> 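Quick one: the structure is below, questions incoming.
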Amino acid sequence: MRNTKEIEERWQKYWDDNRTFCAVEDESKKKFYYLVEFPYPSGAGLHVGHVRSYTALDVMARKKRLCGYNVLFPMGWDAFGSPAEQYAIKNHVHPKEAVKRNIETFKSQIKRLGISFDWSREFSTTDPEYYKWTQWQFLKFFEHGMAYKAKKNINWCPKCKTGLSNEDSSGGVCERCGSSVVQKEKEQWMLRMSDYSEQLLEGLDDTEFQDRIKTAQVNWIGKSVGAEVKFKLKEVDEELVVYTTRADTLFGVTFMVIAPEHPYIDLYSGLISNMNEVIDYREAARRKTEFERTQLVKDKTGVKLEGLTAINPVTNVELPIYISDYVMMNYGTGAIMAVPAHDERDYDFAIRHGIEVVPVIEQITGEKHDNEKEKKSIVAVVYDKATDKYLTLNWKKLGGRLFIGGTRRKDEDIVSCGIREIKEETGYTDVTFVRKLAPINHHYYAYNKNQAYSIDCDLLYFELNSNDSIGVNLDDDEKDKFTVEWVSSDEVLNSVKDELHRMAFLNKDSKAFYSGEGKMINSEFLNGLTDKNESIDKMINYLEEKNLAKKKVNYRLQDWVFTRQRFWGEPIPLIYCDTCGWVPVPYEDLPVLLPDVTEYEPTDTGESPLAKIESFVNCKCPKCGRDAKRETDTMPNWAGSSWYFLRYMDPHNDKEFVSKEKLKYWGRVDWYNGGMEHATRHLLYARFWNQFLYNIGLVVNKEPFKVRVAHGMILGEGGEKMSKSKGNVINPDDMVDLYGADSLRCYEMFIGDYEKEASWSEQGLNGCRRFLDKVIRLGEKLNDSDQYSSILEIDINKTIKKVEEDMDNLKFNTAVSSLMILLNKFEKCASISRKDYRTFLILLNPIAPHVTEELNDVYELGDAICNSSWPEVNLEKLVEEEKEIAVQVNGKVRATIKVRLDDSDDVVTKKAMSADNVIKHIDGKEIVKTILIKGKIVNIVVK
RNA sequence: GCGGGUAUGGCGGAAUUGGCAGACGCGCUAGACUUAGGAUCUAGUGUCAUUGACGUGCAGGUUCAACUCCUGUUACCCGCACCA
């Protein structure tokens with residue numbers, strides 16, 4: 001027997017020499033396209049996480065081939081991007097050199113694992129033959145009006161003088177140098193991805209993505225259904241249009257907020273008397289870093305526009321207008337109607353700026369009854385700072401401990417009502433009103449009065465100033481029913497049981513806004529409604545009739561910022577001519593190549609380093625022939641990866657990006673695996689790109705991917721993320737050297753649920769090596785038979801079925817486990833047949849391809865496994881004649897019995913009743929019933 | 001805050017979808033074979049106590065039967081984050 005290394009090299013060479021995994025279009029065979037995200041070939045080399053996902057897809061691909069499919073399983077490189085650029089600037093080489101080296105490393109590492117990629121289709125996104133077509137497709141976007149230029153803020157590091165992606169500037173700090181990131185405005189090419197929002201949403205129905213991935217996409221697209229409502233301005237004949245999903249709260253609007261960038265500010269600057277203040281605020285907001293805008297969200301700053309007032313369309317009440325950076329110009333209309341009683345952000349802003357809070361929805365509590373009497377009432381909590389106690393009434397058996405409560409008189413003010421009730425019931429006169437909580441619609445039944453009530457109740461909070469008291473002043477018959485008691489907070493929690501009163505206490509420190517559903521109040525024609533959607537519809541219909549609103553759908557999804565100010569990306573194939581404007585580079589002149597220079601320092605202006613390379617920039621206008629300049633920005637990393645799956649179908653085509661015939665044969669990707677971190681951006685970009693190509697007739701499927709699954713991360717031994725700084729990074733090469741590629745593959749499949757993260761354990765890896773060693777030793781006990789051993793036949797058939805199902809359903813861990821179980825059974829036999837062994841080796845082959853081919857070859861069991869087929873399950877051999885089932889008494893297992901397949905229910909019951917331990921537990925008791933689930937369990941219920 | 005996920009022995013993880021919880025592997029214990037063992041083989045291994053009881057984050061519920069279904073709750077992880 002050769003050693004592991006020799007075995008691996010031998011079979012890797014065999015597969016290469018025989019082009020075993022090269023996919024050839026073949027109409028007679030059913031195709032299957034497996035795709036795993038191609039890596040960014042970083043200098044760090046392959047990670048054990050790559051091994052996990054590549055092996056998983058390899059297992060499925062190898063198995064599918066054994067099942068007779070024509071499998072396309074390609075690999076390539078996503079090699080544009082800043083690490084290569086940084087490296088190149090530092091070492092004064094062209095990034096393509098660094099990329100070339102890294103690819104070589106990655107490729108040799110992957111090849112050592114024996115992954116069955118079709119290397120004949122390999123390419124890199126940085127190959128001019130590839131990015132020529134990326135540029136070609138960009139021009140299609142441009143031609144169809146899908147690309148446009150717009151001013152956009154970018155994350156800018158003033159020290160590195162470079163634009164940063166959001167990932168490289170997380171926390172508001174430059175990933176590389178640690179200085180604060182600022183926003184810099186820059187003209188950028190944009191792709192109209194938001195036009196595709198609805199199509200991208202609907203297209204998901206035509207996919208079988210994992211639910212968590214679908215959900216991520218749905219949330220990212222962020223569809224919201226609402227309405228645009230017009231608010232007239234008082235000072236000019238103009239309207240302020242806002243977007244809202246809560247038209248039902250329109251009666252609760254107490255102010256308006258517009259984004260600092262809102263055009264009305266400049267448009268009506270003549271009317272705004274505090275324009276200086278407004279401009280200062282706007283500038284401050286602009287200077288805020290991404291970090292400040294997203295992290296310091298609590299602080300609702302803003303400035304009132306003096307001299308500009310809006311009118312509430314349903315109440316005609318005048319509303320102040322503020323500017324604040326909590327309203328974004330790029331969503332909705334850049335203006336909102338603020339309803340502080342029902343929105344936390346509006347509430348925070350209102351409190352900070354002393355604006356009125358008008359509740360229009362009451363939370364509903366208690367239990368509804370028929371024939372309810374309606375009342376307005378209050379509950380007042382009085383707190384004494386001096387003693388740290390709360391004022392309560394102890395109603396004893398009549399209602400337990402409560403706070404002060406009472407009915408509000410007609411036209412009586414809420415706070416006055418509270419003060420009056422406190423005085424009447426407890427005698428205290430010197431109290432200060434502190435705050436009002438969100439009102440409640442409470443339902444209850446008063447047994448003493450035999451009456452059901454629905455009360456609109458305001459919850460009030462007072463503080464006691466002094467013990468001034470006029471004494472309790474009540475009728476004699478009320479007087480003795482309760483006693484006035486001051487109690488501690490703990491005592492309140494212990495003894496105040498009434499839902500409403502308890503709520504008044506528990507919520508006393510929380511914000512007085514309510515964003516849930518409830519009963520409409522203060523809203524004229526909506527009053528009394530309790531269904532949110534009904535209220536919204538009624539309001540929108542009312543406004544639509546008066547032409548004051550229209551239904552509107554909004555999406556969170558934004559257009560795609562398609563330019564980067566970098567050297568190492570696909571040049572954007574456009575030329576600017578003073579006469580003709582933006583002119584596309586003619587198709588026959590593609591690709592626009594990156595210049596072969598090794599020096600390109602970043603610019604001070606935020607332009608791409610390409611801007612300093614004159615030979616690149618200066619050119620002639622393709623239209624008029626005059627002097628012109630090239631666009632110097634390059635495409636983002638996401639560009640090349642947005643269509644690479646199409647190129648694999650026809651990677652060497654120099655006439656088209658992919659031919660129609662190849663597209664028709666390979667169709668779409670049947671199974672796409674990638675990280676959860678790409679479940680939104682990459683996956684959405686690629687779907688958008690493909691949908692666009694479909695809409696202009698260049699591809700045949702609207703949705704590019706059928707199934708999408710995501711693997712879990714591999715963590716370090718301690719359960720933390722692997723990282724250089726923690727020093728817990730495992731190099732796959734070392735593991736292959738120490739344990740062999742098959743052991744590593746087997747271990748990574750066995751490590752746990754494929755979709756969940758898992759911690760690395762070298763002992764676990766060693767366990768898989770032991771398993772493979774046992775498989776090898778099994779060869780020593782072969783007999784001459786070419787049939788399954790009769791005592792193993794059922795187990796073998798069960799295992800075929802199990803492994804088959806598991807491999808198709810990403811359950812690699814249990815597939816390995818069931819093979820281990822079968823091996824344990826083999827080991828208990830004195831000898832095993834050649835067929836037993838060969839079947840086992842084929843089942844194990846997708847996971848451990850080298851050693852299984854070798855054993856199959858050494859013992860001359862048959863054709864090379866890669867040229868063989870998957871064993872068939874003999875369904876008849878799956879059914880066991882005799883089975884052990886459990887017998888329970890009152891749900892507790894007391895015995896197991898052996899039952900035969902043809903035993904009748906009576907026979908089984910009898911067997912169950914006669915088991916020793918069962919007799920012990922049912923003896924002398926009455927048998928209530930017996931539950932018998934065929935082939936599974938018997939449960940005897942006794943009393 | 002919103003969305004998604006997870007919780008099972010000393011550890012990684014199983015459980016045919018409501019039917020014997022802890023498969024399989026690691027680790028550990030004892031023994032065998034060995035000059036030797038970080039090799040291999042055999043036996044054992046959820047917890048507690050003597051027949052038995054308890055046990056799937058926590059508290060309830062449904063059921064003959066719950067890791068699995070329902071209600072509530074806690075902790076942790078991930079994604080998005082002022083989206084009106």
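Source: prediction; values computed, not measured. Order of the sequence lines sets the chain letters (A, B, ...), proteins ahead of strands, with each chain counted from 1.
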> With nearest nucleotides of RNA chain B determined for A:Arg894 and A:Tyr555 from heavy-atom distances, which residue corresponds to the more 5′ nucleotide?
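Closer to the 5' end of RNA chain B: A:Arg894.
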> Has A:Arg556 got a side-chain N or O lying under 4.0 Å from the OP1 or OP2 atom of B:rA84?
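A:Arg556 to B:rA84 OP1/OP2: no side-chain N or O under 4.0 Å.
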> So, using side-chain contact (heavy atoms from CB on, under 4.5 Å) as the criterion, who are the partners of A:Glu198 when residues are at least two apart?
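side-chain contact (heavy atoms from CB on, under 4.5 Å) check on A:Glu198 returns A:Leu201, A:Glu202, A:Lys223, A:Tyr555.
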> Distance alone, cut at 3.5 Å: any donor-acceptor contact between the side chains of A:Gln210 and A:Glu755?
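A:Gln210 vs A:Glu755: donor-acceptor pair found between side chains.
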> Would you kindly say whether A:Tyr281 and A:Thr301 are connected by a side-chain donor-acceptor distance under 3.5 Å?
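Yes, a side-chain donor-acceptor pair sits under 3.5 Å.
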> Any side-chain donor paired with an acceptor under 3.5 Å for A:Tyr331 and A:Ser224?
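A pair is found: one side chain offers a donor N or O, the other an acceptor, under 3.5 Å apart.
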> Would you check if there is a donor-acceptor pair between the side chains of A:His678 and A:Glu37 at a distance under 3.5 Å?
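Looking only at side-chain atoms, A:His678 and A:Glu37 do form a donor-acceptor pair, the distance falling under 3.5 Å.
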> Starting from Watson-Crick (N1-N3 plus N6-O4 or O6-N4) and G-U wobble pairs under 3.5 Å, report the runs of at least three that RNA chain B belongs to.
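For RNA chain B the paired stretches long enough to count as stems (3 pairs minimum) are B:1-7 with B:74-80, B:10-12 with B:24-26, B:27-32 with B:40-45, B:46-48 with B:52-54, B:57-61 with B:69-73.
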> Strictly by ring-ring contact (aromatic ring centres under 6.0 Å, His included), give each pair with a member in residues 794-830 of chain A just once, sequence neighbours left out.
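Residue pairs with at least one partner in residues 794-830 of chain A: A:Tyr754-A:Phe812, A:Phe826-A:Phe840.
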> Identify each atom pair where a protein N or O and an N or O of nucleotides 66-74 of chain B are less than 3.5 Å apart, giving names and distance.
none

> How would nucleotides 13-33 of chain B be written as a contact map, 5' to 3', with B for base contact, S for sugar-phosphate-only contact and - for no contact, using protein heavy atoms under 4.0 Å?
SS----BB--BBSSS------
> Would B:rG25 be called syn or anti here, given the cut-off of 90° from 0?
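Here the answer is anti: the torsion falls beyond 90° from 0.
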> Between A:Tyr747 and A:Trp760, does the ring-ring contact (aromatic ring centres under 6.0 Å, His included) criterion hold? Intermediate values first, please.
CA-CA 10 Å; A:Tyr747 171 61; A:Trp760 183 261; 5.2 Å; yes
> Base, sugar-phosphate, or nothing for A:Arg769, non-hydrogen atoms under 4.0 angstrom?
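No contact.
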> Look at all strands and tell whether A:Lys552 reaches a base, only sugar-phosphate, or nothing, counting heavy atoms closer than 4.0 Å.
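Here A:Lys552 touches no strand at all.
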> Between A:Phe771 and A:Phe750, does the ring centroid distance fall short of 6.0 Å?
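Here the rings of A:Phe750 and A:Phe771 have centres that are no less than 6.0 Å from each other.
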> Taking N or O atoms only and anything under 3.5 Å, show me the protein contacts with nucleotides 54-62 of chain B, one pair per line.
none

